[in-house]
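Written below as structure tokens is the structure these notes are about.
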There are 2 protein chains.
Amino acid sequence: MTELADTLIPRPVRGRRQGTSPGDAIYNHVFNAILEQRLPPGTKLTEDVLGDIFGVSRTTVRKALIRLEHEKIVEIRPNRGAVVASPSVEDAREIFTARKAVETAIVDLVMARIDEGAIEALRQHTAAENAAHRAGDRRRWIRLSGDFHLLLARIGGNRPLHDFLKELVSRTSLIIALYERPGKATCQSDEHKAFIDALTQGDGEQARTLMLRHLDAIEAELHLEGEEDAIDLHRVFAEYFNDTRNSTG
Amino acid sequence: MTELADTLIPRPVRGRRQGTSPGDAIYNHVFNAILEQRLPPGTKLTEDVLGDIFGVSRTTVRKALIRLEHEKIVEIRPNRGAVVASPSVEDAREIFTARKAVETAIVDLVMARIDEGAIEALRQHTAAENAAHRAGDRRRWIRLSGDFHLLLARIGGNRPLHDFLKELVSRTSLIIALYERPGKATCQSDEHKAFIDALTQGDGEQARTLMLRHLDAIEAELHLEGEEDAIDLHRVFAEYFNDTRNSTG
DNA sequence: GACCGCGAATATGTATACAATTTCCTCATT
DNA sequence: AATGAGGAAATTGTATACATATTCGCGGTC
């Protein structure tokens, strides 16, 4: 509960604080729904429908969709509307690579700023994670697991890195929805705990290593080797051109 | 604000651009104008004026402004309109920290993927930089200096990191516009060259070091110790609360 | 019965209209 | 002359209307 507590609270935009506009409400609702996997990848986000749901005009809906598109969790196809994004296997690999780069840097920043209050906040967060996990609330648990990394980024105290990681974590949620192995239970509740222990002991090298292993573990439990259905068609198409075009033309 | 017209339409509309919406054109023009420091921080971006300039309605202008706001080079103040962003000293420090983290990671990626073509592209780019520098075209040189880092990011092959760096480079341009020392000539033309040499020799450790030194050099030539005028008032206000509130109340 | 074209229905792209808020000028007051 | 209230002008926020593009279904044709 020291000065770090201040950094955990998002700073205002160097002006006066403002009431939330209705556009923000739509943005937040859709954002949360995607993060909690209530809106799976590919879901069509029709402007009229969203407008009716939230009681606003398409103008306001479009504003929210533009923001979501920029964060790459919604794709706006010209003249064809918005859908929840479907990251490709290649996207997924790049996102995990980016996360490793950003989050190791964040660990370094955290090591230089960590204090009692921050450690306590992290412990409380993992407690909430475990509670959700034990309660079988899978959506809430996935959400909290991502939030753990964002909490760490806030402790690191670098807003650009935090905001970027927020985008990467959101997209990771889409990736998990798309590529999770059916059988595998993604169960790494104690990895966050072990990571906090390394932080507490001031072992930065160990903390970095654990973070990298943690991210590798998440990636390894996904099914990124093959392709999803739609991509499969692309591959068939490519093979058609390579193998049989000459014989049929 | 007819001066906006002069800075934003230096060149005529190019030939038919199929697939690009008019909103993209506004976005690109404003983005380039900010990057080339033709639109300094704080410049008001009135929707009607921009709409008149580009011959579109405010609806289209707003779409572009929302995107620019998300990239943090434009600030939209509720009910008060959009202005070119003015990063604070704190923002500047955080942005340089983020750049060091991201760009060292990019150097590692580049080392694993570098080839003859990439080296040639980098050399050609520095040649263009030097040409602009010798020609005294300072705006173009600043623009190309930033683009060098983005070219490197593209070679690295990680889109999320590239897009994030694009945002950081754009904001760096605003930071330079705000905090450049009047006397100091920001002249590090050969640093990019030395960096390429390290890459060519396969010396990743040296390349990382040079990149860090390069970014530190840019930051060191800025005037980030004091505050700008507006910020000064904020500080006075803060000190008033810290020092004299008890004695006056 | 399958395929193609055409038109209606649907959805998005953009402009315009109106409401709400801020900004700025004017003028009275001290 | 400086200050503050009041109102007009300007600007942004949101909704609606119209134009354009896409999607879907129907009917005709082979």
(request) Using atom CG of A/Asp52 as one end and atom P of C/dA11 as the other, report the distance to the nearest whole Å. (result) 10 Å
(message) Distance check needed: D/dT14 C1' versus B/Lys63 NZ, whole Å only.
(response) 18 Å
(message) Taking only side-chain N and O atoms of A/Ser57, does any of them lie within less than 4.0 angstrom of OP1 or OP2 on D/dA15?
(response) yes
(request) Among the candidates D/dA15, D/dT12, C/dG13, find the nucleotide nearest to the side-chain atoms of A/Glu47. (result) C/dG13
(message) Expressed as a whole number of angstroms, how long is the span from A/Ile76:CD1 to C/dA11:P?
(response) 16 Å
(request) Determine whether A/Ser86 and A/Leu178 make a side-chain contact, defined as any pair of heavy atoms from C-beta on separated by less than 4.5 Å. (result) yes
(request) Give the nucleotide from the list C/dT12, D/dT12, C/dT14 with an atom nearest to the side chain of B/Thr46. (result) D/dT12
(message) When you measure from the side chain of A/Glu94 to the backbone of B/Arg159, do you find a donor-acceptor pair of N or O atoms at a distance under 3.5 Å?
(response) yes
(request) Return the 5'-most residue of the pair A/Gly55, A/Arg80 with respect to DNA chain D, ranking by each residue's nearest nucleotide. (result) A/Gly55
(request) Determine which pairs satisfy ring-ring contact (aromatic ring centres under 6.0 Å, His included) with at least one residue from residues 64-84 of chain B, sequence neighbours left out, and list them in order. (result) A/His70-B/His70
(message) Quick check for you: among C/dT12, D/dT12, D/dT16, whose closest atom lies nearest to any side-chain atom of A/Lys44?
(response) C/dT12
(request) Tell me which nucleotide among D/dG13, C/dT12, C/dT16 gets nearest to the side chain of A/Asn79. (result) C/dT12
(message) Measuring to OP1 and OP2 of C/dT16, would you say a side-chain N or O of B/Thr59 lies under 4.0 angstrom away?
(response) no
(message) Check this one for me: any side-chain N or O of B/Arg62 less than 4.0 Å away from OP1 or OP2 of D/dG13?
(response) yes
(message) What is the separation between atom CG on A/Leu45 and atom P on C/dA11, rounded to the nearest whole Å?
(response) 13 Å
(message) What is the separation between atom CG on A/Asp48 and atom C1' on D/dA15, rounded to the nearest whole Å?
(response) 13 Å
(request) Rounded to the nearest angstrom, tell me the gap between atom CG in B/Leu50 and atom C1' in D/dT11. (result) 13 Å
(request) Report the distance from atom CZ of A/Arg58 to atom C1' of D/dT14, rounded to the nearest whole Å. (result) 13 Å
(request) Measure from the side-chain N and O atoms of B/Arg67 to the backbone N and O of A/Ile66, and report whether any donor-acceptor pair falls under 3.5 Å. (result) no
(message) Exactly one of B/Glu221, B/Glu219, B/Glu225 should register a salt bridge (charged side-chain N to carboxylate O under 4.0 Å, His left out) with B/Arg181. Which one does?
(response) B/Glu225
(request) Please report, rounded to the nearest Å, how far the C1' atom of C/dT22 is from the CZ atom of B/Arg77. (result) 10 Å
